[in-house]
Amino acid sequence: MDKPKVTPKDFVLWFGAMASLYAGIVAFISLVFEYINKAYPNPVSGSYYVDPYSSSISYETAALIVLTPVFLILMRFIRRGIAADPSRNDIWVRRWALFLTLFLAGVTIVIDLIVLLNTYLQGEDLTIGFLLKVLTVLLVTGLGFMHFMADLWGYWEREPMRARMVNWGVGVLVLVTIIAGFFIIGTPQQIRVQKQDAIRVQDLQNIQWQVVNYWQLKQSLPASLEDLRDPISDNIIPNDPATGAPYTYKRNSPLDFTLCATFAAEGGTNGTQGRSYPAYPVAAEPKSVGTDIQDNWQHSSGKVCFDRTIDPERYPPYPTKGI
């Protein structure tokens with residue numbers, strides 16, 4: 001009996017299914033890793049900058065939302081084709097796809113165990129976060145290995161009901177994993193609010209820099225923000241990103257001034273590497289003498305004012321050159 005030929009349809013379906021499967025597994029594992037990092041942060045890497053908006057979680061969530069149904073739909077077409085023509089079970093592209101998947105799953109399991117044993121033998125602490133990551137990789141790849149081994153043996157053809165249950169189980173697991181992300185990083189609307197508040201903090205930092213720089217040049221504070229405008233030096237006074245309203249500035253004394261903005265939520269920076277929740281990057285401060293101390297930009301929701309006092313020793317006036 002002649003072997004069945006591979007049609008372009010067969011190749012596209014299997015290639016698309018495997019590509020979406022591999023990419024989906026990577027996204028799923030990466031997403032679970034991000035959740036583990038949030039629950040059990042690594043104290044060694046805790047001093048580095050942390051993305052306040054968890055962009056990687058958003059990307060991996062989006063990837064799962066798209067790739068999971070793509071994989072399930074393509075596999076449904078493949079199984080329908082096999083049900084209509086059982087000879088499609090013997091095409092080379094199917095066997096290559098299954099054996100390649102089994103090989104990659106097996107290699108991943110072996111590497112995962114090697115990493116676990118190597119970490120233990122080197123005397124390093126097996127933290128909860130590390131063990132959960134190892135377990136995640138082991139479970140995902142192990143279950144994938146078992147699933148495709150059963151497919152190679154024809155188990156799912158003999159048990160179509162269980163095959164559908166597995167599909168539904170995968171869908172529910174992915175859905176729960178995705179929903180968990182909204183409790184960790186918030187909804188898209190909440191992230192948008194955080195970003196707008198971050199812009200407000202950056203704008204106030206920019207205005208503060210211009211005010212201090214103005215004082216260093218003229219030994220007096222500006223009467224209003226309009227005094228800071230200078231098209232030649234490209235000094236532009238920003239406005240609120242959501243409402244377009246100007247920020248509030250008030251000169252209190254020869255060295256004291258106040259900056260105000262209306263925030264949508266609690267947040268800001270606390271002066272420690274510019275990080276808190278959410279972590280806003282800190283703008284460059286004016287050139288000063290002595291130890292550089294960053295201002296505190298922690299804020300609640302609503303209108304918040306920040307009182308600032310210029311220290312002439314820290315920010316001395318710029319020297320003037322005689323003519």
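Side-chain atoms are counted along with the backbone in the values below, which use heavy atoms only and exclude waters and symmetry mates.
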Is there a side-chain contact between K218 and D227 in this structure, where contact means two heavy atoms from C-beta onward sitting under 4.5 Å apart?
no
I'd like to know whether F263 forms a side-chain contact (heavy atoms from CB on, under 4.5 Å) with V201, so could you lay out the CA-CA distance, the side-chain angles of the two residues, the decisive distance to 0.1 Å, and finally the verdict.
CA-CA 9 Å; F263 296 93; V201 169; 3.8 Å; yes
What heavy-atom pair brings M18 and T101 nearest, and what distance separates the two atoms?
SD-OG1, 3.3 Å
With a cut-off of 6.0 Å (strictly less than), are more than 12 heavy atoms of other residues, nucleotides or ligands near OH of Y155?
yes
So how far is it from N167 CG to R76 CZ, rounded to the nearest 0.5 Å?
8.5 Å
Does Y315 use its side chain to pair, donor to acceptor, with the backbone of W215 at less than 3.5 Å?
no
Do you know the tightest heavy-atom contact between K303 and T248?
NZ-OG1, 4.1 Å
Side-chain heavy-atom pair T258, F306 within 4.5 angstrom cut-off
no
Do F71 and V174 come close enough that some side-chain heavy atom pair is under 4.5 Å?
no
Any chance you could measure S58, atom OG, to F182, atom CZ, to the nearest 0.5 Å?
8.5 Å
Regarding Y247 and D203, is there a side-chain donor-to-acceptor distance under 3.5 Å anywhere?
yes
Under a side-chain separation threshold of 4.5 Å, the hydrophobic residues clustered together with V12 are none
Just wondering, do W297 and Q208 contact through their side chains at under 4.5 Å, heavy atoms?
yes
T7-D10 side chain donor-acceptor pair, cut-off 3.5 Å:
yes
Heavy-atom nearest pair, L64 first then G24, reads CD2-O, 3.5 Å
Tell me, yes or no, whether the heavy-atom count around R192 atom CZ, taken from other residues, nucleotides or ligands under 6.0 Å, exceeds 12.
no
Quick one: does any side-chain atom of R251 pair with a main-chain N or O of L221 as donor and acceptor, under 3.5 Å?
yes
Spacing of I178 atom CD1 and I57 atom CD1 [to the nearest 0.5 Å]
12.5 Å
Given side-chain contact (heavy atoms from CB on, under 4.5 Å), test V304 with Q298 step by step and report yes or no.
CA-CA 9 Å; V304 179; Q298 291 283 81; over 6 Å; no
Closest non-hydrogen atoms of L102 and F145, given as atom of the first, atom of the second and distance, are CD2-O, 3.3 Å
Under the side-chain contact (heavy atoms from CB on, under 4.5 Å) rule, what do T127 and Y40 come out as? Steps first, then yes or no, please.
CA-CA 9 Å; T127 63; Y40 302 97; over 6 Å; no
Is there side-chain contact between D307 and D256, with at least one heavy-atom pair below 4.5 Å?
no
Just how far is it from atom CG of N213 to atom CG of L228, taken to the nearest 0.5 Å?
9.5 Å
Group every Ile, Leu, Val, Met, Phe, Trp and Tyr by side-chain heavy-atom contacts under 4.5 Å, then state whether I111 and F33 land in the same group.
yes
Working for side chain to side chain donor-acceptor pair (under 3.5 Å), residues D240 and T262:
CA-CA 8 Å; D240 187 280; T262 302; over 6 Å; no
What is the distance from atom CG of L13 to atom CD1 of I73, rounded to the nearest 0.5 Å?
12.0 Å
Co-membership, hydrophobic cluster, residues W153 and I78, 4.5 Å side-chain
yes
Sub-4.5 Å side-chain heavy-atom contact between L104 and V107:
no
Does any N or O in the side chain of Q216 come within less than 3.5 Å of the main-chain N or O of P316, such that one atom is a donor and the other an acceptor?
yes
Between SG on residue C305 and OH on residue Y249, distance to nearest 0.5 Å
13.5 Å
Any link between L98 and F77 through a network of hydrophobic side chains (Ile, Leu, Val, Met, Phe, Trp, Tyr) touching at under 4.5 Å?
yes
Heavy-atom side-chain contact between L21 and F148 under 4.5 Å
yes
Under a single-linkage definition using a 4.5 Å side-chain heavy-atom cutoff for Ile, Leu, Val, Met, Phe, Trp and Tyr, are I65 and V140 assigned to the same hydrophobic cluster?
yes
Working for side-chain contact (heavy atoms from CB on, under 4.5 Å), residues T177 and Y35:
CA-CA 9 Å; T177 305; Y35 294 166; 3.8 Å; yes
Closest heavy-atom pair and its distance - A97, W14
CB-CE3, 3.8 Å
Check for a donor-acceptor pair, side chain of H299 on one end and backbone N or O of A265 on the other, with a separation under 3.5 Å.
yes
For N206 and I236, which heavy atoms make the closest approach, and how far apart are they?
ND2-O, 4.2 Å
Taking atom CG of L217 as the centre, does the number of heavy atoms from other residues, nucleotides or ligands within less than 6.0 Å exceed 12?
yes
Taking the side chain as every heavy atom from C-beta outward, state whether L204 and R200 have any pair of such atoms under 4.5 Å apart.
no
Hey, any chance L139 and M146 share a hydrophobic cluster, counting ILVMFWY side chains that come within less than 4.5 Å of each other, even indirectly?
no
Among L116, I36, L135, side-chain contact (heavy atoms from CB on, under 4.5 Å) partner for F130
L116
